[in-house]
Amino acid sequence: MAEAKNLVREYETIYLLKAETPDDQVEEIKERLRGVVGREGGKVIRFTNQGKRKTAFPVSKNARALYMHALYIGKPGLVGELERNLKMIDAVTKFQSVKLADGVDFDARQVEPDVKLQPVEEETPKPRDERGEFGAHHGEEHFEAEREGQEE
């Protein structure tokens with residue numbers, strides 16, 4: 001008789017931490033989440049620290065956040081428990097979980113080392129005249145032509 005495989009689902013959760021969160025607290029949060037996944041019978045594949053980045057809109061009145069990505073496998077109830085724990089951590093400002101795959105073989109999926117990406121280089125804002133916004137001479141020629149036409 002064939003041996004039954006332990007099939008689970010693969011998920012990813014992206015969570016944002018306050019930009020001023022110290023590195024040791026980031027590690028504590030990772031270990032706490034790793035423990036939650038383990039308690040629920042899952043396995044963390046990899047954590048990726050994507051560094052501090054500018055958010056598309058202010059999150060909790062902050063324009064920057066530390067982006068973290070967790071890739072893990074487990075049973076369906078795992079995501080609810082992980083998100084419940086994320087809500088209790090003060091440094092977490094936002095999170096979102098997505099199911100990536102069904103029917104993943106638990107024993108065949110290997111754990112990968114955690115990754116820390118280099119921070120994105122800061123973009124320095126350009127002066128207004130270089131951005132092409134309204135400047136000293138933008139549109140004045142049209143205004144001058146209109147004025148000359150009215151004087152006649």
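Basis for what follows: all heavy atoms, side chains included, without hydrogens, waters or symmetry-related copies.
When side chains are defined from C-beta on, F106 does not count as touching V104, because their heavy atoms never get closer than 4.5 Å. You'll find the side chain of K87 reaches within 4.5 Å of the side chain of F95, heavy atoms only.
Listed by chain and residue number, nothing satisfies the side chain to side chain donor-acceptor pair (under 3.5 Å) test with E40 (two or more places apart in sequence, or in another chain). Remark: Y15 pairs with no residue by the ring pair (Phe, Tyr, Trp, His ring centres under 6.0 Å) rule, at least two apart or across chains.
Looking at every heavy atom in both residues, G74 comes nearest to Y11 through O-CE1, 3.8 Å. Closest heavy-atom contact between V36 and E81: CG1-CG, 3.7 Å. Residues E83 and S97 share a closest heavy-atom pair of OE2-OG, 2.8 Å. Across all their heavy atoms, T21 and Q25 have their closest contact at CG2-OE1, 3.8 Å. What you find for A91 and I29 is that their closest heavy atoms are CB-CD1, 4.1 Å.
The side-chain contact (heavy atoms from CB on, under 4.5 Å) test with L66 is passed by exactly one of V26, L16, V92, D23: V26. Checking T13, L86, V44 one by one against L33, the side-chain contact (heavy atoms from CB on, under 4.5 Å) holds for a single residue, L86. Screening K43, K75, R109, R46 for a salt bridge (charged side-chain N to carboxylate O under 4.0 Å, His left out) involving E10 leaves a single residue, R109.
Taken together through direct or relayed side-chain contacts under 4.5 Å among Ile, Leu, Val, Met, Phe, Trp and Tyr, F47 and I89 form part of one hydrophobic cluster. Both L71 and I73 are assigned to one and the same hydrophobic cluster, defined by single-linkage of ILVMFWY side chains at heavy-atom distances under 4.5 Å.
Taken to the nearest 0.5 Å, the CD atom of Q110 stands 8.5 Å off from the CD1 atom of I45. The CG atom of D107 lies 10.0 Å from the CG atom of L7; values are rounded to the nearest 0.5 Å. To the nearest 0.5 Å, the span separating OH on Y72 from CZ on R34 amounts to 13.5 Å.
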Quiz item: Hey, mind stepping through T55 and Y67 against side chain to side chain contact (heavy atoms under 4.5 Å, CB included) and telling me if it holds?
Solution: CA-CA 9 Å; T55 55; Y67 281 68; 3.6 Å; yes
Practice problem: Might you work through the side chain to side chain contact (heavy atoms under 4.5 Å, CB included) test for D114 and N49, ending with a clear yes or no? | Solution: CA-CA 8 Å; D114 291 351; N49 182 338; over 6 Å; no
Exercise. Walk me through it: do L117 and Q50 pass the test side chain to side chain contact (heavy atoms under 4.5 Å, CB included)?
Key: CA-CA 5 Å; L117 301 177; Q50 297 177 345; 3.9 Å; yes
Quiz prompt | Full working for side chain to side chain contact (heavy atoms under 4.5 Å, CB included) between L78 and V8 | solution = CA-CA 11 Å; L78 171 62; V8 293; over 6 Å; no
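More than 12 heavy atoms of other residues, nucleotides or ligands shown are found within 6.0 angstrom of CG on D24.
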